[in-house]
Amino acid sequence: MLRLYNTLSHTKEEFSPLDPSSIRLYVCGPTVYDFAHIGNARPQIVFDVLFRLLRHVYGDAHVTYARNITDVDDKIMSRAAEEGVAISELTVRTARQFHEDVTALGCLPPTHEPRATEYIPAMIAMIRRLIDSGHAYSAEGHVLFDVGSKPDYGKLARRSLDEMMAGARVEVAPYKMNPMDFVLWKPSSGDQPGWESPWGRGRPGWHIECSAMAESLLGDSFDIHGGGIDLVFPHHENEIAQSESVHHGAPLARTWIHNGFLQVEGEKMSKSLGNFFTIRDLLKDWPGEVLRFNMLRTHYRQPMNWTFHGLKESWTALERFYAVAEPVLATAVSADFLEALCDDLNTPLALSELHRARDVDLAGGLGLLGFSCVQDRIAAKPPMDPVAIADAIVARAAARKNRSFTEADRIRDDLAGKGILLKDGPDGTTWEVKR
RNA sequence: GGCCACGUGGCGGAGUGGUGACGCAGCGGUCUGCAAAACCGUUUACCCCGGUUCAAUUCCGGGCGUGGCCUCCA
């Protein structure tokens with residue numbers, strides 16, 4: 001039995017699919033204008049684990065995972081202008097980098113990966129339906145959603161319209177009926193990307209993109225919608241407002257799942273503090289599977305303190321696991337392991353079960369979590385030529401045989417100084433990179 | 001200012017109304033020429049103040065601290 005915490009109800013609920021033969025999951029993907037950072041990696045990994053768990057429970061063929069790519073956005077426009085490149089060049093390049101990064105993190109490709117620009121007609125159609133049903137209005141080239149037309153607006157964020165207005169710091173455009181009304185369509189000037197629409201040449205607002213893509217790929221209602229906790233308001237609240245207004249109140253998603261934020265070394269991640277790390281940079285020194293493991297050591301809803309110390313621990317733990325776990329295709333997992341995962345994706349508890357697990361269960365559990373168990377994948381790059389290391393080991397063995405321990409120790413210390421750690425076992429001497 | 005989370009031993013991190021998960025580090029031991037690695041064993045905890053209770057780290061209230069949202073944001 002799978003239980004998931006639902007942001008909508010603020011409780012853990014038993015997960016019961018709308019259709020067990022077709023589980024549908026939607027997760028908000030990246031806006032492609034720059035390299036993804038370590039904070040972006042968390043939802044990708046978390047929802048990849050959820051995807052894998054759903055496939056394990058319901059069967060690979062019965063789970064559909066949609067994750068969008070936002071490739072029309074004001075940040076993209078300004079970045080492209082800064083770099084002096086075409087928007088499409090920037091978005092295609094950044095999307096490719098994103099795919100390389102998440103692949104290195106062990107994430108499966110989603111079933112669908114819609115790009116916003118490919119769904120403009122669906123967005124226009126949805127906006128038109130919102131206008132026709134009295135939930136939206138056009139004004140000065142903009143189309144706005146009328147939050148007053150949705151009585152339960154604020155139900156996900158647990159905030160009433162009055163509360164929002166009290167603390168409102170939103171831009172109060174003169175053409176808005178209500179300050180909280182948000183943009184569905186906005187006009188584009190000649191040099192801005194735009195599409196012809198009944199309201200003139202323009203581009204979609206951010207929120208309508210997800211509503212339209214989700215409808216096209218997953219239908220009016222689906223099982224799970226995920227994303228970072230910062231997306232609860234306004235993005236997900238607005239998605240709900242749009243979709244449910246069009247679909248006559250049918251719930252957009254039954255379960256809403258949000259991952260917590262992470263801090264780096266106990267501080268907010270920011271470029272000015274010098275603790276801003278892209279996935280790309282980290283992959284130069286750390287195997288992707290180590291980054292993944294580290295992420296799963298904290299429950300997805302907990303705030304996470306991301307540290308290099310934790311990364312080292314993760315590497316050590318993974319090496320010890322891989323030393324005994326053979327990469328196998330078998331998907332056997334222990335009951336305790338599965339139970340932990342099924343209890344709202346309790347990965348820290350699941351990982352602790354692996355310390356108790358024997359070979360098959362260990363490999364199966366690691367496999368279900370998206371780990372390869374291939375030692376080479378987490379091997380550190382040796383700081384010197386492996387042949388020279390092997391030669392030194394032979395020389396040291398000879399010295400030891402002659403009981404020239406001073407010479408043997410000199411060789412060992414010499415290698416240690418170069419970052420190579422020797423391990424003497426019953427079957428001879430092996431080495432590993434010192435960390 | 002409003003709303004919402006979180007606060008567990010040196011570190012990471014589960015969990016629970018009553019027998020102190022688990023991992024890392026540390027310490028002791030086995031092994032070793034000596035180490036390292038590996039293996040075995042092991043010390044240290046529940047932010048503060050009230051309340052409920054036979055019993056609270058666990059429930060309730062208040063406080064303090066940290067973070068998130070209210071504006072683009074994983």
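Quick note on labels: first sequence line is chain A, next is B, and so on, each numbered from 1.
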### Query
With F182(A), which of H207(A), H135(A), H142(A) fulfils ring-ring contact (aromatic ring centres under 6.0 Å, His included)?
H207(A)

For atom [atom1], what is the distance between [N] and [M], given to the nearest Å?
| N | M | atom1 | answer |
| --- | --- | --- | --- |
| C22(B) | A36(B) | P | 25 Å |
| U44(B) | C59(B) | P | 25 Å |
| G23(B) | G67(B) | C1' | 25 Å |
| A37(B) | U30(B) | C1' | 13 Å |
| G12(B) | C3(B) | C1' | 30 Å |
| C69(B) | G10(B) | P | 31 Å |
| A14(B) | C64(B) | P | 27 Å |
| C6(B) | C60(B) | P | 11 Å |

In whole angstrom, what separates [X]'s [atom1] from [N]'s [atom2]?
| X | N | atom1 | atom2 | answer |
| --- | --- | --- | --- | --- |
| K75(A) | U71(B) | NZ | P | 15 Å |
| F337(A) | A14(B) | CZ | C1' | 15 Å |
| D344(A) | G15(B) | CG | C1' | 14 Å |
| W306(A) | G13(B) | CH2 | P | 13 Å |
| E339(A) | G15(B) | CD | P | 12 Å |
| E209(A) | C73(B) | CD | C1' | 15 Å |
| N68(A) | A74(B) | CG | C1' | 13 Å |
| R42(A) | G67(B) | CZ | P | 16 Å |

### Task
Verify, without hydrogens or angle tests, whether R42(A) (side chain) and G260(A) (backbone) share a donor-acceptor contact under 3.5 angstrom.
yes

### Query
In terms of the angle between their ring planes, are H37(A) and F276(A) parallel, tilted or perpendicular, with boundaries placed at 30° and 60°?
perpendicular

### Query
Should the pair W256(A) and H258(A) be assigned to parallel (<30°), tilted (30 to 60°) or perpendicular (>60°) ring geometry?
parallel

### Message
Can you list everything that forms a salt bridge (Lys or Arg N to Asp or Glu O under 4.0 Å) with D223(A)? Sequence neighbours excluded, please.
### Response
none

#### Entry: Residues that K401(A) engages under salt bridge (Lys or Arg N to Asp or Glu O under 4.0 Å), provided they are two or more places apart
none

### Query
Toward the 5' end of RNA chain B, which comes first, D343(A) or G227(A), by nearest nucleotide?
D343(A)

### Query
Under the criterion side chain to side chain contact (heavy atoms under 4.5 Å, CB included), which of I45(A), L351(A), L369(A) is the partner of F293(A)?
L351(A)

### Task
Can you check each nucleotide of nucleotides 3-9 of chain B against protein heavy atoms at under 4.0 Å and return B for base, S for sugar-phosphate only, - for none, in 5' to 3' order?
SSSS---

### Message
Base contacts versus sugar-phosphate-only contacts with protein, heavy atoms under 4.0 Å: please encode nucleotides 21-39 of chain B as B, S and - from 5' to 3'.
### Response
BSBB--------BBBBSS-

Could you check whether [X] pairs with [Y] (Lys NZ or Arg NE/NH1/NH2 to Asp/Glu carboxylate O, under 4.0 Å)?
| X | Y | value |
| --- | --- | --- |
| R292(A) | E289(A) | no |
| R356(A) | D361(A) | no |
| E244(A) | K155(A) | yes |
| D34(A) | R93(A) | no |

#### Entry: For A86(A), all residues meeting side chain to side chain contact (heavy atoms under 4.5 Å, CB included), sequence neighbours excluded
S88(A), E89(A)

### Query
Which nucleotide in the set C69(B), A74(B), G68(B) lies at the smallest distance from any side-chain heavy atom of K268(A)?
G68(B)

### Query
Going by heavy atoms in the side chains, are L161(A) and M180(A) under 4.5 Å from each other?
yes

### Message
Counting the atoms with a prime plus P, OP1 and OP2 as sugar-phosphate, which does H258(A) contact under 4.0 Å by heavy atoms, base, sugar-phosphate, or nothing?
### Response
nothing

### Message
So G310(A), base contact, sugar-phosphate only, or nothing? Heavy-atom distance under 4.0 Å.
### Response
nothing

### Message
I'd like to check, for F261(A), whether its ring lies over the base of A74(B) with centroids under 5.5 Å apart and a plane angle smaller than 30°.
### Response
yes

### Message
Only Watson-Crick and G-U wobble pairs with both distances less than 3.5 Å should count. Give RNA chain B in dot-bracket notation, marking inter-strand partners with |.
### Response
(((((((..(((.....[...))).(((((.......)))))....(((((..]....))))))))))))....

